[in-house]
Amino acid sequence: MRPLTELETKTFFEKLAKYIGRNITHLIDRGDETYCFRLHRDRVYYLSESLMRKATSVGRDQLVSLGICFGKFTKTGKFRLHVTCLDYIAQYAKHKVWIKPNGEMPFLYGNHVVKAHIGRVTEDTPEHQGVIVYSMTDVPLGFGVTARSTSDTRKLQPTAIIVFHQADIGEYLRQEDTLF
C-alpha cells in the first residue's frame, strides 16, 4: 500500500472528474475524518487515514483489500472505475440518466442504454460525458458515458444508443471473483 504517484493521481482524478467534476474535493475534505486514496496491487482504495495507519501493521502479501475499491490501473496505465465506488460517485454526480423499469434489466445485464429506455436526463449533458444511471425510483444502477448530447438525443430513433455501459450493480454477480 502506497500513495499514488503524480502520474497515477493525474490519471485517476481525470477519470473521476468525468463523473463528478470538481466535487472530488468533497471526497477528501470531509467533516468527520480525513480520507485519502492509496494504491495496492494496481487498485486504488478510498479509506480513512486512521484505517490506513492500522493497515501498515499488516504485511503486503497478507493484505487483500482495505477501504473502498474505486478501480484499477490497467497494464497500459489507464484507469478503470469499478462498480464498488458507485455509492460515492452517485452522491456527487453532475450528470444523471434515469431509465424506465423496462430498461433496467438490459442495463444490469451489461447492455448499453437505448433511447426507448430513457425516462429523463440531466439538461445540457454533453457528448462523451460520464453519467450515473438511476432507476426511476432514484436507485443508482451503474455508470456509463453518453454517446450523444442531450439536444442530439431528442432527434434520434428509439433504438439509438444513448449511454455506453461502463459498469453496473449486476457485475457483483457476473464478475464476483475479479472485482476485489
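Just so it is clear, the values below take in all heavy atoms, side chains as well, and ignore hydrogens, waters and symmetry mates. Keep in mind that what you see is a predicted model, and the values were worked out from it rather than measured.
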Could you check whether atom [atom1] of [X] has more than 12 heavy atoms from other residues, nucleotides or ligands sitting under 6.0 Å from it?
X: Phe13; atom1: CZ; result: yes
X: Arg2; atom1: CZ; result: yes
X: Arg80; atom1: CZ; result: no

| Would you call the rings of His40 and Tyr45 parallel, tilted or perpendicular if under 30° counts as parallel and over 60° as perpendicular? |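 Judged by the thresholds at 30° and 60°, the geometry between His40 and Tyr45 is tilted.
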| query | Parallel, tilted or perpendicular: which fits the ring planes of Phe70 and Tyr88, with parallel below 30° and perpendicular above 60°? | reply |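 Taking Tyr88 first and then Phe70, their aromatic rings sit tilted (interplane angle of 30° to 60°).
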| task | Given salt bridge (charged side-chain N to carboxylate O under 4.0 Å, His left out), test Glu14 with Lys10 step by step and report yes or no. | result | CA-CA 6 Å; Glu14 282 176 357; Lys10 181 177 182 267; 3.2 Å; yes
From [X] [atom1] over to [Y] [atom2], what is the distance, rounded to the nearest 0.5 angstrom?
X: Leu47; Y: Ile68; atom1: CG; atom2: CD1; answer: 9.5 Å
X: Asp87; Y: Ile169; atom1: CG; atom2: CD1; answer: 9.5 Å
X: Met52; Y: Leu66; atom1: CE; atom2: CG; answer: 9.5 Å
X: Ile162; Y: Thr153; atom1: CD1; atom2: OG1; answer: 4.0 Å
X: Thr25; Y: Asn23; atom1: OG1; atom2: CG; answer: 6.5 Å
X: Glu8; Y: Leu39; atom1: CD; atom2: CG; answer: 5.0 Å

| request: Show your reasoning for whether side chain to side chain contact (heavy atoms under 4.5 Å, CB included) applies to Ile28 and Tyr35. | output: CA-CA 5 Å; Ile28 298 169; Tyr35 278 73; 5.8 Å; no
Could you pull out the closest heavy-atom pair between [X] and [Y], with the gap in Å?
X: His117; Y: Pro106; result: CE1-CG, 4.1 Å
X: Leu51; Y: Gly67; result: CD2-N, 4.0 Å
X: His95; Y: Thr125; result: ND1-OG1, 3.4 Å
X: Ala17; Y: Ile24; result: N-CD1, 3.9 Å
X: Gly21; Y: Lys94; result: CA-CD, 3.6 Å
X: Val44; Y: Leu4; result: CG2-CD2, 4.2 Å

Please tell me if the side chains of [X] and [Y] come closer than 4.5 Å, counting only heavy atoms from C-beta onward.
X: Lys96; Y: Arg120; value: no
X: Asp124; Y: Thr150; value: no
X: Leu86; Y: Ile132; value: yes
X: Lys100; Y: Ser135; value: no
X: Arg148; Y: Leu156; value: yes
X: Thr159; Y: Val114; value: no
X: His165; Y: Val113; value: no
X: Val133; Y: Val163; value: yes

| message | Evaluate Asp168 against Val83 for side chain to side chain contact (heavy atoms under 4.5 Å, CB included), listing each step before the verdict. | response | CA-CA 6 Å; Asp168 63 82; Val83 70; 5.5 Å; no
Taking the side chain from [X] and the backbone from [Y], do they hold a donor-acceptor pair closer than 3.5 Å?
X: Thr84; Y: Cys69; result: yes
X: Asp42; Y: Lys72; result: no
X: Thr146; Y: His128; result: yes

| Will you find, in the side chains of Glu33 and Ser50, an N or O donor that is under 3.5 Å from an N or O acceptor? | yes
| task | May I ask you to check whether Asp29 and His26 show a side-chain donor-acceptor distance below 3.5 Å? | result |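 On atom types as modelled, these side chains do not qualify, holding no pair under 3.5 Å.
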| request: Following the transitive rule for hydrophobic clusters with a side-chain heavy-atom cut-off under 4.5 Å over Ile, Leu, Val, Met, Phe, Trp and Tyr, establish whether Val145 and Ile118 coincide in one cluster. | output: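 Both belong to a single hydrophobic cluster.
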| request: Examine Leu81 and Phe37 and state if one hydrophobic cluster contains both, with Ile, Leu, Val, Met, Phe, Trp and Tyr joined whenever side-chain heavy atoms are less than 4.5 Å apart. | output: yes
| task | Report the residue from Thr137, Val121, Thr122, Leu141 that forms a side chain to side chain contact (heavy atoms under 4.5 Å, CB included) with Trp98. | result |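 It is Thr122, the one option of Thr137, Val121, Thr122, Leu141 that forms the side chain to side chain contact (heavy atoms under 4.5 Å, CB included) with Trp98.
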| query | In a check of ring-ring contact (aromatic ring centres under 6.0 Å, His included) between Phe143 and each of Phe107, Phe164, Tyr19, which one passes? | reply | Tyr19
